[in-house]
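First the structure, in the form of structure tokens, and then the observations on it.
Just so it is clear: chains get the letters A, B, ... in the order the sequence lines come, proteins before strands, and each one is counted from 1.
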Number of protein chains: 2
Amino acid sequence: MLNHSDLDTAFRALSDASRRAIVERLVRGPATVGTLAEPLAMSLPAVLQHLAVLEAAGIVTSQKVGRVRTCSLVPGALAGPTAWLQHQRLPAERRLDRLGDHLAAAGGPEASDSSQEQP
Amino acid sequence: MLNHSDLDTAFRALSDASRRAIVERLVRGPATVGTLAEPLAMSLPAVLQHLAVLEAAGIVTSQKVGRVRTCSLVPGALAGPTAWLQHQRLPAERRLDRLGDHLAAAGGPEASDSSQEQP
DNA sequence: CTAATACTTAAGGAGATGCTTAACCATTCG
DNA sequence: CGAATGGTTAAGCATCTCCTTAAGTATTAG
């Protein structure tokens with residue numbers, strides 16, 4: 001069973017547009033605190049606080065080298081919220097996902113999709 | 001003053017364990033306010049406030065007949081958060097979803113279209 | 001060395017959240 | 001009718017959230 005307090009913090013972390021913007025940026029690769037702060041229209045301490053929320057939720061990690069802190073997404077960190085959402089879908093909506101799960105369990109997904117890349 | 005997006009309110013609504021419990025109950029079918037309140041260990045007004053949050057997020061609807069209000073899930077209401085989460089997955093994790101999308105577009109199960117609405 | 005860069009910490013405030021109790025409809029039962 | 005049922009509203013309060021400014025700490029460049 002899923003731990004509800006983990007879901008609390010994960011969904012809470014994603015309920016802020018600035019934090020979602022940070023996640024969207026980090027999907028494209030690691031970034032420094034300054035880089036993440038640039039498009040956000042708020043002070044640096046505010047960004048630091050958002051990053052603290054994301055780190056507490058296990059969505060973002062960071063390491064400091066010299067005076068630069070580089071942040072990156074934690075792989076699979078969004079699996080918890082995603083799984084919960086899939087479980088709460090109505091039966092009719094759930095069929096596609098179950099088909100996907102079946103295919104995932106039956107064999108490797110990489111062969112069927114290797115010919116297409118993101119635009 | 002603050003302008004919250006749909007994703008803000010949706011993720012915010014799901015960040016509370018009591019509200020997620022309400023959603024989990026409603027997936028199994030509609031229920032009255034009293035039924036939803038029973039397992040929640042809080043006062044009825046508190047439950048009403050949680051329901052108001054879920055209704056404001058477009059996740060739950062309700063109609064009153066006589067003195068009984070019956071609540072139900074809005075079909076496809078969780079599609080927004082779900083889609084955002086799918087988009088933020090790392091490329092390696094995203095392949096399965098793209099496979100699922102491909103199967104859906106190719107004429108998969110007919111149920112998913114009729115049960116989802118776009119705002 | 002000094003200065004600039006890149007964060008970091010501390011303190012605080014306006015407003016939101018999650019709960020409470022008390023009182024108040026409106027509908028249905030006897 | 002009066003009482004019970006199911007829900008609703010109002011008010012208040014402790015806590016949390018998101019942001020601010022001011023004043024730090026390291027680290028690197030000149």
Side-chain angles (χ1 to χ4, degrees), chain A residues 4-26 29-73 81, chain B residues 1-26 29-72 81:
Chain A
H4 276 218
S5 60
D6 281 354
L7 282 177
D8 278 27
T9 47
F11 279 124
R12 189 75 189 71
L14 298 176
S15 72
D16 183 275
S18 302
R19 287 194 292 263
R20 287 199 307 278
I22 290 174
V23 170
E24 287 169 3
R25 169 62 187 80
L26 291 179
T32 70
V33 170
T35 302
L36 292 172
E38 217 172 312
L40 281 187
M42 66 181 62
S43 68
L44 204 62
V47 175
L48 264 286
Q49 284 163 16
H50 282 308
L51 284 171
V53 171
L54 288 167
E55 291 209 38
I59 295 172
V60 165
T61 337
S62 69
Q63 51 262 332
K64 199 168 182 179
V65 176
R67 64 186 167 182
V68 177
R69 178 172 297 276
T70 301
C71 305
S72 48
L73 271 193
Chain B
M1 177 92 177
L2 282 179
N3 188 6
H4 289 285
S5 73
D6 286 351
L7 282 178
D8 278 37
T9 46
F11 279 125
R12 187 77 188 70
L14 298 177
S15 72
D16 183 276
S18 301
R19 287 193 293 262
R20 287 201 307 280
I22 289 174
V23 171
E24 288 168 3
R25 169 61 187 82
L26 290 179
T32 69
V33 171
T35 302
L36 292 172
E38 217 172 312
L40 281 187
M42 67 181 63
S43 68
L44 204 61
V47 176
L48 264 285
Q49 285 162 16
H50 282 307
L51 284 171
V53 171
L54 288 167
E55 291 208 38
I59 295 172
V60 164
T61 337
S62 67
Q63 51 264 329
K64 199 169 181 178
V65 176
R67 63 187 169 180
V68 176
R69 179 173 295 278
T70 301
C71 306
S72 49

**Nearest-nucleotide comparison on DNA chain D, the residue closer to the 5′ end among A:V53 and B:V33** = B:V33

**Prompt:** Are side-chain N/O atoms of A:S15 and A:R12 paired as donor and acceptor at under 3.5 Å?
**Reply:** yes

**Item:** First encountered from the 5' end of DNA chain D, between A:G66 and A:S43
**Value:** A:S43

**Message:** Measuring to OP1 and OP2 of C:dT8, would you say a side-chain N or O of A:K64 lies under 4.0 angstrom away?
**Reply:** yes

**Request:** Could you check how far CG of B:L51 sits from P of C:dG18, rounded to whole Å?
**Result:** 13 Å

**Asked** Does A:R67 make a side-chain N or O approach to OP1 or OP2 of C:dT8 shorter than 4.0 Å?
**Response** no

**Asked** In whole angstroms, how far is the C1' atom of D:dG24 from the CG atom of A:L44?
**Response** 14 Å

**Passing option when A:I22 is tested against A:L40, A:D16, A:L73, A:I59 for side chain to side chain contact (heavy atoms under 4.5 Å, CB included)** = A:L40

**Prompt:** Between D:dC18 and B:R12, is there an OP1 or OP2 to side-chain N/O distance shorter than 4.0 Å?
**Reply:** no

**Spacing between A:D8 atom CG and D:dT17 atom C1', to the nearest angstrom** = 15 Å

**Prompt:** Taking it one step at a time, do B:S5 and B:D8 satisfy side chain to side chain donor-acceptor pair (under 3.5 Å)?
**Reply:** CA-CA 5 Å; B:S5 73; B:D8 278 37; 3.0 Å; yes

**Prompt:** Between D:dG6 and B:R69, is there an OP1 or OP2 to side-chain N/O distance shorter than 4.0 Å?
**Reply:** no

**Prompt:** Looking only at side-chain N and O atoms, does A:H50 come under 4.0 Å of OP1 or OP2 in D:dC19?
**Reply:** yes

**Value in whole Å for how far the P atom of C:dT20 lies from CG of B:L48** = 12 Å

**Prompt:** Is B:R19 reaching over with its side chain to a backbone N or O of B:L14, donor-acceptor style, under 3.5 angstrom?
**Reply:** no

**Nearest-nucleotide pick for B:V68, side chain only, options being C:dT9, D:dG7, C:dC19** = D:dG7

**Length of the line joining A:Q63:CD and C:dA6:C1', which is rounded to integer Å** = 16 Å

**Asked** In whole angstroms, how far is the P atom of C:dG18 from the CZ atom of B:R20?
**Response** 12 Å

